[in-house]
Number of protein chains: 2
Amino acid sequence: MTRKLHLNAFLMGVGHHEAAWRHPGAEPARLTDVRHYQELARIAERGKLDSVFLADGLALGSVRHNALGRLEPLTLLSALAAVTDHVGLIATVSTTYNEPFHVARKFASLDHISGGRAGWNIVTSAGAAEARNFGIERPEHARRYARAGEFLEVVRKLWDSWEDDAILGDRAGGLYADTDKIHPIDHEGEHFAVSGPLNTSRPPQGHPLLVQAGSSEDGKEFAARNADAVFTAQQTLREAQEFYADLKRRVAAHGRDPDELLVLPGISPIIGSTERAALRLEKELEDLIIPAYGLAQLSHMTGIELTADALDEQLPDVPVETEGAQSRRKLVVDLARREHLTVRQLLNRLAGGRGHRVVAGTPEQIADQLQEWFFSGAADGFNIMPPILPGGLADFVDHVVPELQARGLFRNEYEGRTLRENYGLPRPLSRYAAGAVAVAR
Amino acid sequence: MTRKLHLNAFLMGVGHHEAAWRHPGAEPARLTDVRHYQELARIAERGKLDSVFLADGLALGSVRHNALGRLEPLTLLSALAAVTDHVGLIATVSTTYNEPFHVARKFASLDHISGGRAGWNIVTSAGAAEARNFGIERPEHARRYARAGEFLEVVRKLWDSWEDDAILGDRAGGLYADTDKIHPIDHEGEHFAVSGPLNTSRPPQGHPLLVQAGSSEDGKEFAARNADAVFTAQQTLREAQEFYADLKRRVAAHGRDPDELLVLPGISPIIGSTERAALRLEKELEDLIIPAYGLAQLSHMTGIELTADALDEQLPDVPVETEGAQSRRKLVVDLARREHLTVRQLLNRLAGGRGHRVVAGTPEQIADQLQEWFFSGAADGFNIMPPILPGGLADFVDHVVPELQARGLFRNEYEGRTLRENYGLPRPLSRYAAGAVAVAR
C-alpha cells in the first residue's frame, strides 16, 4: 500500500489569522454559535480529513482586539459528533488543572458518543494566568510534566478497567456484567490516588487517540513515550526534518514502532485560484493587523516588553532560556534572526499562525509544499490551520484535497470506522485482559 | 394566567426501575448509545416537557445485576442539544470534586450550544467510593455544603464577568470587546482563589438554571438561598405538603419571591391503558427484581447489613442519624414503619424509584395524582421517572400529557426560547453591570 498522508483541521474560532475576525469573509458573531463549528466539521468530513481539533486555554487572552471567549472544546465536540459520522474529534485538555477520573470519563463518553472518534491533545498549561484561575502557584515545567506522566498512566488504567467483554447483558440470568472483568485500578502515586474502576464502560477505541504538541525536551520525551500523533510548529524544511528524525529516534528508543507516532506540522494555507489572488488575500489580512495586539502577543511569547516605538527595528536580544517550556520563543527568535526581520515584519509573519508556517499560493502550489515535506522525511501529514473560517477550510477541502487525491497522496474514502483506524494505528488491549502483555509505555 | 405545572423527564439509562434492563421493553445494549438518549430528548420535546435531566455519580455502583457504566452527563447533553430546539438540558455536577472555573465554563458553553437551555443540578457527593476516585478523604456533610456555597458564588461571578453588551464586534475600529465590561472577579475565599474573567462569554440565560436535590437541613437552606428548582423524593401527600411549605417559607426568609423556586417531586408512573394493564406491568417488573441487588442497595441506604435471611422479616431498628446527609434513609425507614413492610415488600417498593413515589394506573389516574398534588400545595410540577425507557416516557408524553393539556394544566406550546423562560423564571443581571443592584443570594 502506498503511504498516504494524514490531515487534521485545526478549528480556531473564525480563523487562525489574528485579524480574521475583521475580514469580510468571517462572521465574528458566530464565535459561540454551534452551527459554525458543525459546518466546519461537516466540511472536514466532506474532504475525508482524518480529524478536527479544538485547542484550549484556561484563561482569557487579549480580547480587546481579537475574537476570544470561545466554547469549552469537549462540550462542543459532542455536538459535532452528533452531525458527523467519520471525522475524528480531538480536544485539548490540561493535566495540570484537572483530575484523571474526570478526564478519563469525559473522553470515554465522547468516544462512545462518536462511535470511536475521540482524541485528546494533552497539554500541561504553561500560562501564569491559568494558574490564577485555580488558586495555585504555577507549577514549574518539570513538575508539570511529571504530573502529566502519572495523570496519563491513571487515565489509561481507567480506560482499561473494563475489559472489552465485561458486559454480559444476560437478562434471563440477571447478570449485567462479569465483575471479574471489571477491575479496580488501586493507583497510588506521587500525584494521584485513584481506586477505580471507571464508571463508564470501555471506550470503543480502547484508548481514545493521544496527541501531544510540546516541543521542549520534556515534551518530546513525553510524546515519544505516549503519543499517537504530534502537532508541531516548524518554519523550515530542515528544522522539520531534524524534529521528525529526532522524534522517531526517541520513539524507537522507547521500544515503540516509529510508524505508530504520526508527526503533523502545522501549516496555514492562504489559497487563491491564482498566486496573485492568494497574495492579495494575504495582503488584505496583513492590512487588518492591529500592531498593539501583535506586540502584546509577541511580548508574551518572547518575554520582552515591546512597544510601538520598536516596530521598525530589529528584535532586541532575548534573555537566555530559563525554562524548557519556551520552545515557541526559540522558534520566533530564530525566525527573526534568520530572515533579519524588523519587529513589524515579524508581527506580520506571526499573525497568520502564531509561529506556524504560512504558505500563500494556488492549490497546486500548496499541494507541492505538502508533498515535498511528506516525501522529505519531515511529516506524516499536516495540521491544517485555515486563515479564515469557514472559507479557508472549504477552499482547502474543495481545491487542495482533490489535488492531493489526484496525486495518490490522500484517501478518497475513509479506510476505517474509528479515528485510530483512519490514522492507521492499532487498538490498545486492556492491560487487565487475560493474556495481555505488560507494555512499558 | 392560569398556573401551569412544569414537567422534567429524569432520564436514567434504560429505565428507573432497577430491573428495567431485564424487561423485554428495554434494550440494555443502548446504555452507551447516544441515539437512545437523543430519542428520549426528542420524545420529551414532542411532549413539550420543560426539560430532561441526567443524574450522575463519580464511582461505579453494583454493576453485576444492573445496567451501569453510563456516559458523563455534560458530554452527553451537547449531543442532545444538537437534535432538539426547545427542551431544557439539566445535568448533575458535583461541587466536591470539581473546580468552579471548569464548571462555570462548561455550563456557559452548553448554554451557548443549546441557545439558553442549560441547567445544573448541584450536588455535594455523599458517597465514600467517590472520594476514593479523587484521592481524598470524604469531606463531612457541613464541610461539603460550605464548599458548595462558595463554589456557586465563584461560578456566578464568572458567569457575570462578561456583561451582556461586552462584545462590540467593531471590525472597522478593530475593537472586538469593550474590556471595561469584562471583569476580573478576584475571588479570594476559604476554599477558592479565582481571578477570572471567564474565557467563555456570558451565557444566553445569564445564569444557567440552578437545581438542587438534597433534603437535609443544609440542603434545604442551600436550595432556599440559591436554587431555581428542587427535585425531591416524597412518598405521601402530607409529607410533600410539609416539605413544600417549609421550603417556600425558607425562600421567603431569604428575601426571595417563593414563586421563583419550583418544587418538583419525583414520580415514577407505571402506565397502562387499563388499571389492570398497569398493575400487570408493575408485576412484570417486580418479578424481575434480583433480591441480592436490592438488599445491597438497601444496606447502602440504611447503613444496616441485610442478608437474604431477613427478606420476610420487618426492617430491623436503624441507628440514629449521625449526619445530616441521610434524608433518604429517613424516608425509607418511615415508609417501612408506616406500612409495616417486610424487607422483601420494601425492596419491591424501592425498586421502582429508589424512594421516589411509584404510581401505577391509567393515564387519567396518573393525571389525577399529579393534579391533586399540584392543587394541594405539594408541587409546582413533577420530576417524571419512567420505569422503562424509552417506552415509559413515550407513554407519558402520548397519553398523560394530552390529558393534562385537556385539563388546562399543561402548556400546548413552549412559552419561551430558554429553559428559564419555560420555567417562568427571570434572567439574572450581571452583578457588574452599571445599575445592577447587589443581591444577597
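Letters A, B, ... are given to chains in the order of the sequence lines, protein chains preceding strands, and every chain is numbered from 1.
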Which one of P28(B), G115(B), P24(B) has the most heavy-atom pairs closer than 4.5 Å to chain A? P28(B)
Nearest-0.5 Å distance that lies between atom CG in N66(B) and atom CG in L175(A): 12.0 Å
Could you tell me which of A29(A), G173(A), A19(A), A26(A) has the largest number of non-hydrogen atom pairs under 4.5 Å with chain B? A26(A)
Which of the residues E188(A), H102(A), R202(A) is involved in the greatest number of heavy-atom pairs with chain B at under 4.5 angstrom? H102(A)
What part of I167(B) gets closer than 4.5 Å to chain A, counting heavy atoms only: side chain, backbone, both or neither? neither
Could you pull out the closest heavy-atom pair between I113(A) and A79(B), with the gap in Å? CG2-CB, 4.1 Å
What part of L68(B) gets within 4.5 angstrom of chain A, counting heavy atoms only: side chain, backbone, both, or neither? backbone
Under 4.5 Å from any heavy atom of chain A, what part of V194(B) do you find: side chain, backbone, both or neither? both
Between W21(A) and Y176(B), how do the two ring planes meet: parallel, tilted or perpendicular, split at 30° and 60°? perpendicular
Greatest number of non-hydrogen atom pairs under 4.5 angstrom with chain B, of V83(A), N98(A), D33(A), falls to N98(A)
Chain B contact via L198(A) - which portion, at a heavy-atom distance below 4.5 Å: backbone
Region of H23(A) that comes under 4.5 Å of a non-hydrogen atom in chain B: backbone
Looking only at L76(B), L31(B), L58(B), most heavy-atom pairs under 4.5 Å shared with chain A are made by L58(B)
Closest non-hydrogen atom pair between P197(B) and N133(A), with its separation: O-ND2, 4.5 Å
Among H187(B), R35(B), Q38(B), R132(B), which residue forms the greatest number of heavy-atom pairs with chain A at distances under 4.5 Å? R132(B)
Grab the two heavy atoms, one from I182(B) and one from V63(A), that are nearest each other, plus how far apart they are. CD1-CG1, 3.7 Å
With the threshold set at 4.0 Å, does a side-chain nitrogen-carboxylate oxygen contact exist between E72(B) and K106(A)? yes
Could you tell me which of G69(B), A166(B), S114(B) has the largest number of non-hydrogen atom pairs under 4.5 Å with chain A? G69(B)
Which pair of non-hydrogen atoms, one from R105(A) and one from P73(B), has the smallest distance, and what is that distance? NH2-CD, 4.2 Å
Examine whether an atom of D178(A) lies under 4.5 Å from a heavy atom of chain B, and if so say whether it belongs to the side chain, the backbone or both; otherwise answer neither. neither
With chain B, which of A193(A), S201(A), A82(A), A131(A) has the greatest number of heavy-atom pairs at distances under 4.5 Å? A193(A)
Part of A81(A) lying under 4.5 Å from any heavy atom of chain B: neither
On a heavy-atom basis, the closest approach of R22(B) and A172(A) is NH2-O, 2.9 Å
Is there a side-chain contact (heavy atoms from CB on, under 4.5 Å) between T200(A) and R70(B) once you walk through the steps? CA-CA 5 Å; T200(A) 297; R70(B) 289 186 286 256; 5.9 Å; no
Chain B contact via D111(A) - side chain, backbone, both or neither, heavy atoms under 4.5 Å: neither
Could you pull out the closest heavy-atom pair between G174(B) and H65(A), with the gap in Å? O-ND1, 2.8 Å
Against chain B, work out which of Y97(A), F134(A), W162(A) has the most heavy-atom pairs shorter than 4.5 Å and name it. F134(A)
Using atom types as modelled and distance alone, determine if a side-chain donor or acceptor of S78(A) lies under 3.5 Å from a backbone N or O of T75(B). yes
Among G196(A), G135(A), S195(A), who wins on heavy-atom pairs under 4.5 Å with chain B? S195(A)
